[in-house]
Amino acid sequence: MKRVAVLGVTGSIGRQALEIVESHPELELAAAASGSQPIDGLAPLTQVGGDLTELLDRTEPDIVLNAVVGFAGLPATLWALERGVTLALANKESLVAAGELALEARERGGGELLPVDSEHSAAFQCLEGRAAEQVDSLVLTGSGGPFRGRTRDELEDVAPEEALAHPTWRMGPKITVDSATLANKGLEVLEAHFLFGLPYDRIEVVLQPTSIVHALVRFRDGATLAHLGYPDMRVPISFALTHPERAATPIPPLDFSQGLVLEFEQPDLETFPLLALARRAGEQGGTFPCAFNAANEVAVAAFLEGRLSFLGIAATVEETLAAVEGERARDLGDLIEADAEARRLAEKELVA
Ligand SMILES: NC(=O)c1ccc[n+]([C@@H]2O[C@H](COP(=O)([O-])OP(=O)(O)OC[C@H]3O[C@@H](n4cnc5c(N)ncnc54)[C@H](OP(=O)(O)O)[C@@H]3O)[C@@H](O)[C@H]2O)c1
């Protein structure tokens, strides 16, 4: 029996995780947390807002599923990594922002870090059991979001409702906007760098509009392994929660009877600059990834509130990154300071 703490239980990932936990007798919901929505009686231990590490201290779970959105998920990520408690990580922002600090905590804790992000779960499965020297490069796929193929002129006046209409995935509002700007793919490049220890020039992004191919790994002998499946987050959630058993799910296997279209294309980095900006922040290192994430969170919130245009999201992040020092964080205090500073600068850029 594995005792699971689901953080962000009221969200898109959290709700699907509950379904997985309920359908597996070997999984038990030990604790649940949300940011502000009530969750009374959902689990033996619950918490709404506040410091989630207090809930984790009381719960002592076997697995933490971190499905909180944004930098707010960081303390829970570090809590699990530091203690060697298995971390099923959907909250990519915490790994992107904390980077080396998170990896150091993982090294000390010695526990498992299982990605829930579909591309990273796919890459993890293609890489599992292979020696690092066999791997040539990693290819992360993306649908391209609702605005794939549009020009910058066509994006000037898009409304939040249009950005929220994702063609293949049903997700929370922040990640859906990130998918429309390609900031999500940028965060995923950074996430992959920290998860798999690959340099940035060996992590590529390619668009695959039907979201059937989730990731590919190229090996040094010229072979490429790909992970395919219908776009359904219950697959990577179940994989992480039941690892290494790979328990059954209700998701059907791929059906080829009607044919299957698998087309690939390059992302348009000029129309969607956040992908390249994220990569550059990663290459700069230090707290640049943290600042990228913070500025993006501020800009996306402003866009959803109608205070910023769609194109203003990337402009705000670019201006913020140009203004921060990006110095390396020695500890969590430094990181929290870097996050706060980037947020202050981004808020200023919004009104500039
Ligand atoms: N959705 C997907 O398919 C998908 C796929 C891959 C990765 N991810 C990643 O998974 C994470 C969650 O995404 P989502 O789409 O599930 O988001 P979501 O639907 O917006 O849900 C976010 C969850 O986080 C909770 N939360 C927000 N702030 C919190 C705080 N300060 N303390 C505790 N809980 C807090 C929310 O609680 P309230 O409801 O009370 O506000 C909600 O339960 C993100 O990092 C995202 O990038 C999601």
Side-chain angles (χ1 to χ4, degrees), residues 5-20 31-40 42-43 45-56 64-77 79 87-98 102 114-124 140-143 145 160 164 166-192 195 211 214-215 229-240 251 278 293-294 296-297 300-301 304 336 339:
V6 178
L7 311 179
V9 74
T10 45
S12 160
I13 294 286
R15 289 193 308 271
Q16 295 177 82
L18 272 191
E19 200 186 303
I20 298 292
S34 69
S36 56
Q37 295 194 64
I39 46 170
D40 296 339
L42 188 66
L45 294 168
T46 57
Q47 187 173 309
V48 177
D51 181 355
L52 297 184
T53 64
E54 286 171 13
L55 175 71
L56 295 173
V64 175
L65 174 74
N66 190 352
V68 170
V69 60
F71 189 75
L74 178 62
T77 287
W79 185 97
L87 175 62
L89 185 67
N91 176 248
K92 63 189 93 183
E93 295 93 340
S94 57
L95 188 59
V96 166
L114 298 165
V116 169
D117 222 352
S118 61
E119 296 78 2
H120 303 72
S121 175
F124 179 91
L140 299 174
T141 56
S143 70
L164 289 172
H166 196 278
T168 52
W169 296 99
R170 296 285 155 264
M171 310 178 286
K174 193 260 178 184
I175 184 175
T176 307
V177 174
D178 285 349
S179 300
T181 62
L182 292 199
N184 184 48
K185 263 332 117 186
L187 291 169
E188 288 179 5
V189 168
L190 299 168
E191 182 187 10
L195 275 173
S211 299
H214 303 128
Y230 294 118
D232 192 316
M233 286 307 295
R234 289 173 298 175
V235 177
I237 295 169
S238 177
F239 180 85
I251 291 86
N293 177 66
N296 184 57
E297 284 192 35
V300 170
L304 288 171
I336 289 171
D339 171 79

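Keep in mind that the numbers below use all heavy atoms, side chains included, and drop hydrogens, waters and symmetry copies. Start at 1 and go down the list; that is how both ligands and their atoms are numbered.
Thr77 and Ser94 share a donor-acceptor pair across their side chains, judged by distance under 3.5 Å alone. Glu188 and His120 share no donor-acceptor pair across their side chains, judged by distance under 3.5 Å alone.
Using a distance-only test at 3.5 Å, with no hydrogens or angles considered, no donor-acceptor pair links the side chain of His166 to the main chain of Met171.
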What short N/O contacts, under 3.5 Å, does ligand 1 make with the protein, listed by atom pair and distance?
from	atom 1	to	atom 2	distance (Å)
ligand 1	1 (N)	Ser12	OG	3.1
ligand 1	10 (O)	Ala90	O	3.4
ligand 1	15 (O)	Gly172	N	2.8
ligand 1	16 (O)	Ser12	N	3.1
ligand 1	16 (O)	Ile13	N	2.9
ligand 1	19 (O)	Ser12	N	2.9
ligand 1	24 (O)	Val69	N	3.4
ligand 1	34 (N)	Gly35	N	3.2
ligand 1	37 (O)	Thr10	OG1	3.2
ligand 1	37 (O)	Gly35	N	2.9
ligand 1	39 (O)	Thr10	OG1	2.6
ligand 1	39 (O)	Gln37	NE2	2.7
ligand 1	40 (O)	Gly35	N	3.0
ligand 1	40 (O)	Ser36	N	2.6
ligand 1	40 (O)	Gln37	N	2.8
ligand 1	43 (O)	Gly8	O	3.1
ligand 1	43 (O)	Thr10	N	3.3
ligand 1	43 (O)	Thr10	OG1	2.7
ligand 1	43 (O)	Gly11	N	3.1
ligand 1	45 (O)	Glu93	OE1	2.6

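Checked against side chain to side chain donor-acceptor pair (under 3.5 Å), Glu19 has the following partners two or more places apart in sequence or in another chain: Arg234.
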Test side chain to side chain donor-acceptor pair (under 3.5 Å) applied to Asn293 and Lys92, step by step: CA-CA 10 Å; Asn293 177 66; Lys92 63 189 93 183; over 6 Å; no
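With Val116 as reference, Leu65 is the one residue of Leu65, Asn66, Leu89, Asn91 to meet the side-chain contact (heavy atoms from CB on, under 4.5 Å) rule.
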